[in-house]
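Structure first, then comments.
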Amino acid sequence: MLIKLPDDILSSEITPESIYQQRRRFIKGMALTAAGITTSALMSACNNQNGNASSSKTAPTQNAPVFDDLKSSEFNTDEELTKWEHAINYNNFVELGDGKTSPIKNADKLVTRPWSVSVEGEVDKPGTLDIEEILTQFDLEERIYRLRCIEAWSMVIPWVGFPLSLLLKRFQPTSKAKFVEFISIHDPKRLPGQRSDFPLVWPYVEGLRIDEAMHPLTILSIGMYGKVLPNQNGAPIRLVVPWKYGFKSSKSIVKIRFVEKQPLPSWVQAQPDEYGFYSNVNPLVPHPRWDQRTERRIGEFFKRDSMLFNGYAEQVASLYTGMDLGKNF
Ligand SMILES: Nc1nc2c(c(=O)[nH]1)N[C@H]1C(S)=C(S)[C@@H](COP(=O)(O)O)O[C@H]1N2
Ligand SMILES: [Mo]
């Protein structure tokens with residue numbers, strides 16, 4: 001099985017991202033592992049791990065489509081994909097520098113091997129997963145989601161990943177686990193943004209309520225456009241929570257902690273009047289700097305209306321029944 005697309009999308013509608021055609025051709029010639037990752041992906045992951053530390057490298061697989069046998073998802077949008085070039089050149093990743101083009105310029109400062117994610121806190125079975133285990137032990141899916149930044153721009157990105165809930169359940173959260181905290185890499189020696197005077201306390205911390213974390217729309221992503229996640233997009237593993245402003249989708253995660261009390265995300269700590277814990281996309285909740293009623297889809301000229309829960313209300317509105325979304329922003 002090759003890349004599955006929802007039946008109702010004609011492939012001609014998707015060809016703006018010509019990578020799909022290339023990928024189809026590419027993958028046809030490959031021997032596949034049962035895990036659904038091509039052997040070349042596994043080999044380059046290993047090469048990467050053995051790569052010498054003095055010249056930190058971005059993943060050598062960045063330009064090759066490597067993920068195959070991806071399950072399609074009922075949640076996929078059929079909107080036109082954002083061009084790969086935009087998705088990798090226009091980023092927010094403050095650890096790699098302020099501004100949209102710093103992350104790609106500094107991408108090689110992020111060292112993604114060896115890498116592991118530890119899971120701790122209110123769990124019966126705390127533990128650590130190595131990134132190679134994560135890459136091979138989960139059934140990978142393609143999730144084509146809208147991504148809406150609080151700065152009023154948006155993209156449509158085909159992520160490669162799996163539901164966060166599948167990973168979380170393995171560690172058996174206790175009944176005290178009411179929230180999940182996500183901690184990103186802290187490596188000030190290498191990451192220029194963590195040495196700058198950018199007003200965030202490092203590491204980057206985010207959090208979700210447990211039901212949000214377990215929701216089927218919430219994924220951990222390890223790739224996009226069929227390829228390994230580029231460093232500037234949060235390699236080797238990041239969160240994607242499509243109904244919330246983009247800053248909730250933490251990049252380069254090293255630790256996941258189950259907690260009883262609501263975590264204090266980095267942005268909320270820095271500017272509580274601008275960023276809230278929930279931060280569900282909501283055109284009706286005004287922001288002091290960016291008008292949230294409309295957004296610019298990167299690559300498009302005209303603005304479009306923004307949508308409650310970024311268009312995922314049908315899936316997630318029930319999580320917030322009885323909550324004042326204006327107060328709990
Ligand atoms: N660790 C970390 N995660 C992060 C950020 C960051 O600066 N550091 N920026 C966030 C913001 S504001 C957005 S909009 C998205 C952008 O993801 P993208 O660059 O892959 O489009 O990543 C989010 N995750
Ligand atoms: Mo953002």
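Note that ligands are numbered from 1 as they come in the structure, with each ligand's atoms numbered from 1 the same way. Counting from 1, the numbers follow the sequence of the chain as shown. The figures that follow rest on heavy atoms only: side chains count, while hydrogens, waters and symmetry mates do not.
- Within the 6.0 Å centre-distance limit, the rings of Tyr320 and Phe309 are counted as a close aromatic pair.
- No donor-acceptor contact under 3.5 angstrom links the side chains of Ser72 and Glu142, judged on distance only.
- Among protein heavy atoms, the minimum distance from atom 23 (C) of ligand 1 is reached at Gly246 O, 3.2 Å.
- Residues Phe247 and Tyr275 place their aromatic rings such that the two centres sit under 6.0 Å apart.
- The aromatic rings of Phe179 and Phe277 sit perpendicular, their planes meeting at an angle over 60°, well past the 30° parallel limit.
- Summarising the local packing, CZ of Arg195 is surrounded by more than 12 heavy atoms from other residues, nucleotides or ligands at distances under 6.0 Å.
- Residues Trp159 and Tyr225 keep their aromatic ring centres 6.0 Å or farther apart.
- Residue contacts with ligand 1: Ser250 is included, with a non-hydrogen atom under 4.0 Å away.
- A salt bridge links Glu300 and Arg304; the closest N-O separation between the charged side-chain nitrogens and carboxylate oxygens is under 4.0 Å.
- Here the heavy atom of the protein found nearest to atom 7 (O) of ligand 1 is Val94 N, 2.8 Å.
- For ligand 1, the polar-atom distance check against Asn233 finds a nitrogen or oxygen pair separated by under 3.5 Å.
- The shortest contact between atom 24 (N) of ligand 1 and any protein heavy atom is with Ser249 O, 2.9 Å.
- In terms of protein heavy atoms, atom 20 (O) of ligand 1 is closest to Arg238 NH1, 2.6 Å.
- With hydrogens left out, the protein atom closest to atom 6 (C) of ligand 1 is Tyr204 CE1, 3.4 Å, a heavy atom.
- Taking each of Ile88, Asn92, Ile298 in turn, the one with a heavy atom nearest to atom 9 (N) of ligand 1 proves to be Asn92.
- The atoms of ligand 1 that sit less than 4.0 Å from any heavy atom of Cys149 are 14 (S).
- The pair Lys248-Glu206 meets the salt-bridge criterion, with a side-chain N (NZ, NE, NH1 or NH2) lying under 4.0 Å from an Asp/Glu carboxylate O.
- Under a hydrophobic clustering in which Ile, Leu, Val, Met, Phe, Trp and Tyr are joined whenever their side-chain heavy atoms come within less than 4.5 Å, directly or via other members, Leu200 and Ile183 fall into different clusters.
- Near Ser184, meaning under 4.0 Å from one of its heavy atoms, ligand 1 places the atoms 1 (N).
- Short contacts between ligand 1 and Asn91, defined as distances under 4.0 Å to a heavy atom of the residue, involve ligand atoms 18 (P), 19 (O), 20 (O).
- Here the heavy atom of the protein found nearest to atom 8 (N) of ligand 1 is Glu95 OE1, 2.8 Å.
- Remark: ligand 1 atoms within the under-4.0 Å shell around heavy atoms of Leu147 are 21 (O).
- The proximity of Lys248 to ligand 1, defined as any non-hydrogen pair under 4.0 Å, does not occur for either the backbone or the side chain.
- Scanning the protein heavy atoms around atom 3 (N) of ligand 1, the nearest turns out to be Lys251 N, 3.0 Å.
- Between the side chains of Asn92 and Lys100, a donor-acceptor pair is found at a separation under 3.5 Å.
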